[in-house]
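Single-structure report; data block below.
Start at 1 and go down the list; that is how both ligands and their atoms are numbered. Worth knowing before you read on, the calculation uses all heavy atoms, side chains too, and leaves out hydrogens, waters and symmetry mates.
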Amino acid sequence: MEYKLLAEVYNKLESTTLKLEKAEIISEFLSDLKKEELSMVIYLLNGRVYPGWSSSELGLSSNLMIKAISRGYGVTVEDIEDGWKILGDLGLVAEKYSVQKKQSTLFSRTLTLSKVFNNLRKIGDLGGMRSQDKKLALVSELLGSVSNPFEARYLVRTVIGDLRIGVAEGILRDAIVGAFFSNIYSKETLDQKVNSMTKFELVAKYAIGKKIVVDIKLDVYLLKKYEEVYTELNSLNEVIVRDVGVIGDDYLSKKKSGVDYVFFDDCFIGNETKSKIISSVEHAYNMTNDFSVVAQAARDEGISGLHKLHLTANHPIKVMLYQKALTIEDAFNIVGEPAAIEYKYDGFRLQIHKTQEGIHLFTRRLEEVTNQFPDVVSAVSKNVGSWSFILDCEVVGIDKNTGKCLPFQKISRRIKRKYDIDDIVKEIPVTVHFFDAMMVDGKNLIDTPYSERRKLLESIVSCDETVMVAKHIVTSDVYVVKNFYDESLFRGNEGIMMKNMSAPYKPGSRVGYGIKIKPTMDSLDLVIVGAEYGEGKRAGWFSSFNLACYDSDSGEYLTIGKLGTGIKEKSDEGGTSFLELTDLLKPHILEDKGKIVTLKPTVVIEVHFEEIQKSLTYSSGFALRFPRFVRIRDDRSPEDASSIDEISLVYGGQRGRG
Ligand code: AMP
């Protein structure tokens with residue numbers, strides 16, 4: 001298949017902001033693909049060439065990309081930089097030069113999907129000395145072979161990790177449902193279609209030559225509302241009208257019965273069927289963290305194929321996230337009674353996997369850190385009695401002199417350290433506090449209620465001074481929780497977690513299965529999405545930073561304010577300096593407009609503030625009063641940043657507004 005076809009799909013996706021339309025564009029494309037193309041396309045639609053569980057990345061900075069464009073099209077670096085300042089997007093700059101090149105070249109080769117995919121994989125896999133040169137050569141080879149300007153645009157954007165097509169996980173999930181479970185339309189979606197199309201378009205696009213099932217209720221509905229359309233459908237197609245009761249299960253079990261479209265009324269059966277399929281796809285994705293495997297299973301074996309997908313030790317899954325509550329009473333309202341209450345330890349999260357080959361550790365960003373923690377590997381292998389598991393825990397750094405917990409900045413040195421590991425292991429010992437089990441003895445526990453997961457966890461962990469199970473009580477009594485909370489804070493922890501006893505483990509979701517309660521609500525984890533160069537003694541550094549929170553519904557980052565305080569002028573003052581932050585952020589520049597740059601959302605920082613105010617200036621609708629930098633949260637991925645819902649909650653809780 002030609003890469004051009006995918007580039008055209010990217011372009012269609014970029015041209016609409018409607019989620020439904022995006023899902024439909026993708027589902028139409030997916031349903032026509034060959035088996036071997038499907039997996040590559042799914043990864044590439046996600047802007048990646050690896051599954052979600054892999055921490056491998058293409059990782060080419062904008063600066064290196066400028067060189068690749070320069071090589072690919074024989075243009076000077078200066079010209080490209082000038083174009084970048086004007087267009088604000090290296091993809092568009094490459095597109096412009098690809099058109100010029102095409103006009104001056106007689107023959108152009110066809111760029112295939114597999115050529116692009118393989119070159120990109122090679123780029124991601126390259127490391128070590130001289131790898132930059134090789135990466136450059138691979139990108140410029142691709143750029144030199146494009147025959148369509150969109151190809152250049154999206155190739156560049158894929159390689160620098162900024163596809164700009166607005167395809168969040170929910171859209172991909174819905175597209176897989178649409179592609180491999182026929183097209184199932186509820187009354188609502190049908191309404192949208194009919195309203196946005198002429199009758200003829202509707203029939204032409206969705207019906208001619210297709211076999212259609214119309215449920216009885218919709219039959220009536222269609223006849224009343226779209227009488228003409230229905231008559232036309234009937235004259236052009238074989239329309240089978242069936243009883244409502246039959247459709248759901250019958251349809252599911254006979255996926256390949258030759259029916260192309262199923263129109264469901266917004267009735268119980270229609271929604272039930274659709275939500276069954278959606279949750280099966282979602283569940284399969286939660287298990288595998290790999291949409292490509294999910295799409296293959298959906299296509300080849302339907303629902304039963306999805307149900308066959310398993311957790312795999314060594315393929316990290318997304319971690320479950322927790323909501324915030326302001327009071328213990330509020331938390332009980334969300335998690336129910338009785339609830340499990342645990343200490344909230346203040347360290348960093350690790351997902352620990354064991355297979356027959358050994359133990360592997362992953363951060364919450366799913367980066368492998370096994371080599372950095374040989375002490376954890378050996379303590380866990382000694383103290384956890386299960387042949388294959390996936391466990392969730394918080395690792396806390398201990399001050400050797402006082403025995404107290406160390407602040408996060410200290411232990412984060414252990415995550416980053418790649419050499420002299422033995423020294424740092426001695427300097428900063430850690431304790432492991434297990435709080436959840438997703439797999440024990442090879443058995444998937446994702447759908448097992450929390451209370452049972454906890455029992456299993458206790459049964460396999462032998463506690464000593466380095467490995468423990470999180471301190472835990474079960475109660476419905478607010479006063480008991482209050483005492484436990486005070487005790488947790490007294491012991492130097494961050495607060496408490498309150499958990500729903502019967503909830504499953506929900507990877508990647510901030511559903512209300514667990515609630516965190518901490519004393520300070522005046523700090524947020526925010527993503528840096530832009531920056532401004534300073535002047536005078538700060539010339540050459542970024543001195544002001546645009547902050548954003550995360551909206552998990554849309555997958556977008558919503559701005560909430562600018563920050564310039566709390567950062568050190570010099571590197572030797574202790575804390576993070578402007579220079580350090582600038583160095584950290586520069587490789588993630590997406591748009592360079594002279595003094596101001598747009599950054600790929602990558603770096604998360606903790607920010608203190610005095611108050612949250614309503615604001616029309618920022619896309620979140622909120623602004624922070626007196627924001628102040630606290631620390632870099634390099635254990636967090638941008639999706640782990642404070643959510644817009646959390647911010648609304650804190651806003652509501654301020655001065656009794658709630
Ligand atoms: P926050 O980082 O404020 O969103 O709080 C959630 C984090 O608290 C989790 O990601 C864990 O890293 C950490 N944590 C500490 N103790 C626990 C616990 N007992 N249960 C769950 N998470 C915990």
Side-chain angles (χ1 to χ4, degrees), residues 316-326 331 335 339-352 361-366 369 391-397 405 407-408 411-412 415 430-438 450-451 453-454 457-458 461 463 467-474 481 484-485 487-489 491-501 503 505-527 549-550 552 604-608 630-643 645-647 649-650:
I317 53 171
K318 298 195 169 181
V319 296
M320 177 150 85
L321 301 168
Y322 306 94
Q323 291 177 359
K324 217 175 210 177
L326 301 178
V335 295
I341 325 293
E342 292 171 6
Y343 283 176
K344 182 180 193 307
Y345 300 94
D346 190 8
F348 63 94
R349 192 165 182 170
L350 276 190
Q351 198 177 107
I352 306 192
L361 315 180
F362 302 93
T363 64
R364 65 189 274 170
R365 299 181 80 145
L366 312 187
V369 289
L391 305 179
D392 216 343
C393 67
E394 187 81 356
V395 172
V396 179
C405 304
F408 176 79
I411 26 161
S412 79
I415 307 179
V430 295
T431 53
V432 178
H433 301 267
F434 285 111
F435 57 78
D436 219 325
M438 294 82 98
Y450 173 72
S451 54
R453 300 202 304 274
R454 169 80 196 193
L457 184 62
E458 286 171 6
V461 177
C463 298
V467 175
M468 289 155 243
V469 179
K471 178 92 192 278
H472 160 113
I473 55 168
V474 174
V481 180
F484 190 76
Y485 180 54
E487 176 191 301
S488 179
L489 294 180
R491 291 180 189 276
N493 301 315
E494 225 189 340
I496 50 167
M497 305 296 300
M498 294 182 57
K499 299 182 179 176
N500 178 318
M501 300 283 289
Y505 189 95
K506 193 94 175 71
S509 277
R510 208 180 278 281
V511 280
Y513 295 156
I515 301 289
K516 55 191 176 195
I517 302 191
K518 320 194 240 186
T520 49
M521 299 309 257
D522 53 359
S523 113
L524 294 170
D525 295 322
L526 298 170
V527 192
C549 59
Y550 186 57
S552 55
V604 179
I605 58 172
E606 186 179 335
V607 176
H608 266 288
V630 182
R631 55 181 171 165
I632 297 171
R633 291 298 318 227
D634 36 19
D635 60 326
R636 280 174 197 230
S637 56
E639 297 89 27
D640 292 337
S642 300
S643 66
D645 298 339
E646 218 172 283
I647 288 161
L649 177 81
V650 179

For Tyr343, the side chain to side chain donor-acceptor pair (under 3.5 Å) test, sequence neighbours excluded, returns Glu487, Arg491

The salt bridge (Lys or Arg N to Asp or Glu O under 4.0 Å) partners of Glu494 (sequence neighbours excluded) come to Lys344, Lys518

Checking heavy atoms under 4.0 Å, the part of Tyr343 that sits near ligand 1 is backbone

For Lys518, the atoms of ligand 1 under 4.0 Å from one of its heavy atoms are 3 (O)

min-distance protein heavy atom vs atom 4 (O) of ligand 1 -> Lys516 NZ, 2.4 Å

N/O to N/O below 3.5 Å, does that happen between Lys499 and ligand 1? yes

Atom 18 (C) of ligand 1: closest protein heavy atom, distance to 0.1 Å, is Met497 CG, 3.4 Å

In this structure, atom 23 (C) of ligand 1 is nearest to the protein heavy atom Phe435 CE2, 3.7 Å

Practice problem: Using distance alone, decide if ligand 1 has a nitrogen or oxygen within less than 3.5 Å of any nitrogen or oxygen in Glu494. | Solution: no

The reported gap from CG in Asn500 to OH in Tyr450 (rounded to nearest 0.5 angstrom) is 11.0 Å

min-distance protein heavy atom vs atom 14 (N) of ligand 1 -> Glu394 OE1, 3.6 Å

So the atoms of ligand 1 within less than 4.0 Å of a heavy atom of Arg364 turn out to be 2 (O), 10 (O)

Could you tell me whether Arg510 and ligand 1 have an N or O pair separated by under 3.5 Å?
-> no

message: Assess whether a salt bridge exists between Glu394 and Arg349, defined as any Lys/Arg side-chain N lying under 4.0 Å from an Asp/Glu carboxylate O.
response: no

among protein heavy atoms, the one nearest atom 10 (O) of ligand 1 is Arg349 NH1, 2.9 Å

field: Residues Lys471, Glu342: salt bridge by 4.0 Å N-O rule
entry: no

In this structure, atom 16 (N) of ligand 1 is nearest to the protein heavy atom Tyr345 N, 3.0 Å

Near Tyr322 (heavy-atom distance under 4.0 Å), the atoms of ligand 1 are 6 (C), 21 (C), 22 (N)

Legend entry - Residues Ile352, Cys393; criterion side chain to side chain contact (heavy atoms under 4.5 Å, CB included); working and verdict: CA-CA 8 Å; Ile352 306 192; Cys393 67; 3.7 Å; yes

Practice item. Test side chain to side chain contact (heavy atoms under 4.5 Å, CB included) on Asp634 and Phe348 and set out the steps. Key: CA-CA 10 Å; Asp634 36 19; Phe348 63 94; over 6 Å; no

Q) Within less than 4.0 angstrom of ligand 1, does His433 place any heavy atom? A) no

Closest to atom 8 (O) of ligand 1 among protein heavy atoms sits Lys344 NZ, 3.0 Å

For atom 2 (O) of ligand 1, the closest protein heavy atom turns out to be Arg636 NH2, 2.5 Å

Would you call Arg453 and Asp436 a salt bridge, taking side-chain N to carboxylate O under 4.0 Å as the test? yes

Worksheet entry | Step-by-step side chain to side chain contact (heavy atoms under 4.5 Å, CB included) determination, Phe434 to Val467 | CA-CA 8 Å; Phe434 285 111; Val467 175; 3.5 Å; yes

- Message: Between Glu646 and Arg510, does any NZ, NE, NH1 or NH2 come within less than 4.0 Å of an OD or OE carboxylate oxygen?
- Response: yes

